[in-house]
2 protein chains.
Amino acid sequence: MAIKNKTRYAILGVISMKPCSGYDIKKFCDKTISHFWNENFGHIYPVLSQLEKEGLINLSDSSEGCKRKIYEITDKGRKEFCEWLMQPFEPQPPRSELLLKLSFGNYIPKENVIEMMKEVKKIHESKLKEYKQMEESFLNDENAKKHPQYAYWLAPLRYGIVASEAALKWCEETIENIIRHE
Amino acid sequence: MAIKNKTRYAILGVISMKPCSGYDIKKFCDKTISHFWNENFGHIYPVLSQLEKEGLINLSDSSEGCKRKIYEITDKGRKEFCEWLMQPFEPQPPRSELLLKLSFGNYIPKENVIEMMKEVKKIHESKLKEYKQMEESFLNDENAKKHPQYAYWLAPLRYGIVASEAALKWCEETIENIIRHE
DNA sequence: ATGCTCATGTAATGAGTTACATGATTCA
DNA sequence: TGAATCATGTAACTCATTACATGAGCAT
């Protein structure tokens with residue numbers, strides 16, 4: 001059976017970049033990878049304890065006597081993290097509430113569906129704008145370019161951009177189709 | 001607090017089209033909406049019992065004395081289903097294992113990441129092919145065109161197509177970027 | 001002194017998956 | 001007669017979310 005707890009890998013990944021606390025991890029997720037990954041405290045803290053118990057992370061020396069609990073990754077932890085990275089990608093079972101709703105659109109007035117689709121379009125527009133701004137500042141950052149993670153950070157951002165553009169196009173097309181179909 | 005159990009709406013939707021059994025619902029999901037929605041028996045049956053208890057579905061007369069339990073939607077059920085349909089779309093918290101993995105690609109050999117991306121590309125290629133075939137047979141089906149659900153069934157399919165095309169493009173671009181970045 | 005952010009955690013709950021159990025029917 | 005499919009369900013488990021509780025430190 002495939003391991004399903006992805007939170008542990010997200011945490012290992014964040015800690016592997018820089019020793020940090022549970023609070024830091026949450027902040028990092030919210031600020032940096034929020035457009036493709038989310039975590040919440042209620043899950044982070046128990047998983048942190050478990051990872052420590054398994055010896056994949058350690059309380060760092062710097063956090064002794066201090067209130068904040070700073071964790072660092074161990075060799076064992078780095079090994080397990082890399083093993084996960086090397087495992088082939090397995091598609092996740094899809095669940096799109098939007099597409100589910102949409103496919104039963106004939107049960108409610110056309111206007112409501114169109115309104116919903118316009119809302120969806122707006123969401124993608126604002127996301128696209130945000131991603132493009134991020135991309136611009138990223139491409140102009142000479143320091144970032146030298147970072148070994150550069151191409152791997154650009155990729156999710158680029159995904160956000162092309163996916164949003166496609167979704168936008170699809171929204172327009174779908175609204176047209178719904179209007180046209182009597 | 002928002003209701004989170006989406007399975008109940010998927011079930012109500014399927015039953016609202018045509019009275020059917022839990023087994024039928026599973027078959028329908030696998031065959032017809034599998035590219036954007038999945039269900040499994042272990043969840044369908046308990047939710048069916050619950051929906052019946054709440055009076056949103058009924059055992060149909062035709063299933064009396066029969067082994068198969070055919071359910072039909074009640075007025076109350078149809079009302080609740082439509083209420084859900086009318087509620088504005090709320091974006092789901094994102095969790096892309098692929099993008100998470102990819103963003104830590106610098107921890108493993110480049111070749112592995114590229115191999116993974118090529119696999120992902122293959123997956124999208126075969127999906128795109130499948131969707132296009134479905135689209136073709138759908139567009140050539142004169143009966144389908146007259147169905148009130150027509151535009152709403154075409155939409156998820158079109159989404160699959162544009163999303164796959166975008167993802168494909170992104171795969172190629174990303175592979176290039178990873179190769180180029182020393 | 002009031003409110004905000006920092007910071008860590010626990011408990012309850014819910015959603016969904018997987019594995020297991022059972023028996024009927026159909027078809028080769 | 002044996003395998004595959006039809007058909008319904010339960011139990012155990014895991015993952016994740018939400019709500020709750022608590023307290024420190026800092027600014028106004």
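- Looking at the side chain of B/T7, the nearest of the listed nucleotides C/dG16, D/dC15, D/dA7 is C/dG16.
- Distance A/F41 CZ to C/dT5 P: 13 Å, rounded to the nearest Å.
- Between A/K69 and C/dG9 there is a side-chain polar atom (N or O) within less than 4.0 angstrom of OP1 or OP2.
- With a 4.5 Å cut-off on side-chain heavy atoms, A/P109 and A/N112 count as touching.
- In this entry the distance linking CG of A/N5 with C1' of C/dG16 reads 15 Å, nearest Å.
- A distance of 6.0 Å or more separates the ring centres of A/Y159 and A/F36.
- With a 4.5 Å cut-off on side-chain heavy atoms, B/S60 and B/Y71 do not count as touching.
- With rounding to whole Å, A/L59 atom CG is found 10 Å from C/dT8 atom P.
- Listed candidates were C/dG16, C/dG9, D/dA7. Nearest to the side chain of B/N40 is C/dG16.
- An OP1 or OP2 oxygen of C/dG9 is reached within less than 4.0 angstrom by no side-chain nitrogen or oxygen of A/S49.
- In the set D/dC15, C/dA7, D/dT8, C/dA7 carries the atom at the smallest distance from any side-chain atom of A/R68.
- Considering only side-chain atoms of A/P46, the nucleotide from C/dT10, C/dG16, D/dT10 that sits closest is C/dT10.
- Atom CD of A/Q50 and atom P of C/dG9 are 14 Å apart (whole Å).
- Here the shortest heavy-atom pairing between B/H181 and A/H147 reads NE2-O, 3.5 Å.
- Residues A/L56 and A/I73 form no side-chain contact, since every pair of their non-hydrogen atoms from C-beta on lies 4.5 Å or further apart.
- With distances taken from any side-chain atom of A/Y45 to the nucleotides D/dT10, C/dT10, C/dG16, the minimum falls on C/dT10.
- By the 30° and 60° cut-offs, the orientation of the rings of B/Y23 relative to B/F41 is parallel.
- Near DNA chain C, defined here as any heavy-atom distance below 4.0 Å, there are no residues from residues 22-35 of chain B.
- Rounded to an integer number of Å, the gap from A/I44 CD1 to D/dA16 P is 11 Å.
- Across B/Y9, B/W84, B/W37, a single residue satisfies side-chain hydrogen bond (donor to acceptor under 3.5 Å, both in side chains) together with A/E97, and that is B/W84.
- Ring geometry, A/F138 versus A/Y150: the interplanar angle falls under 30°, so the pair is classed parallel (tilted spans 30 to 60°).
- Atom NE2 of A/H43 is separated from atom C1' of C/dA15 by 13 Å (rounded to the nearest Å).
- Residue B/K6 contributes atom NZ, which lies 14 Å from atom C1' of D/dA16 at whole-angstrom precision.
- At a threshold of 4.5 Å between non-hydrogen side-chain atoms, the residues A/K132 and A/K127 do not count as touching.
- Rounded to an integer number of Å, the gap from B/N38 CG to C/dT17 C1' is 10 Å.
- Residues of residues 91-101 of chain B that place a heavy atom closer than 4.0 Å to DNA chain D, in numerical order, are B/R95.
- Side chains of A/E172 and A/M117 form no contact here, defined as non-hydrogen atoms less than 4.5 Å apart.
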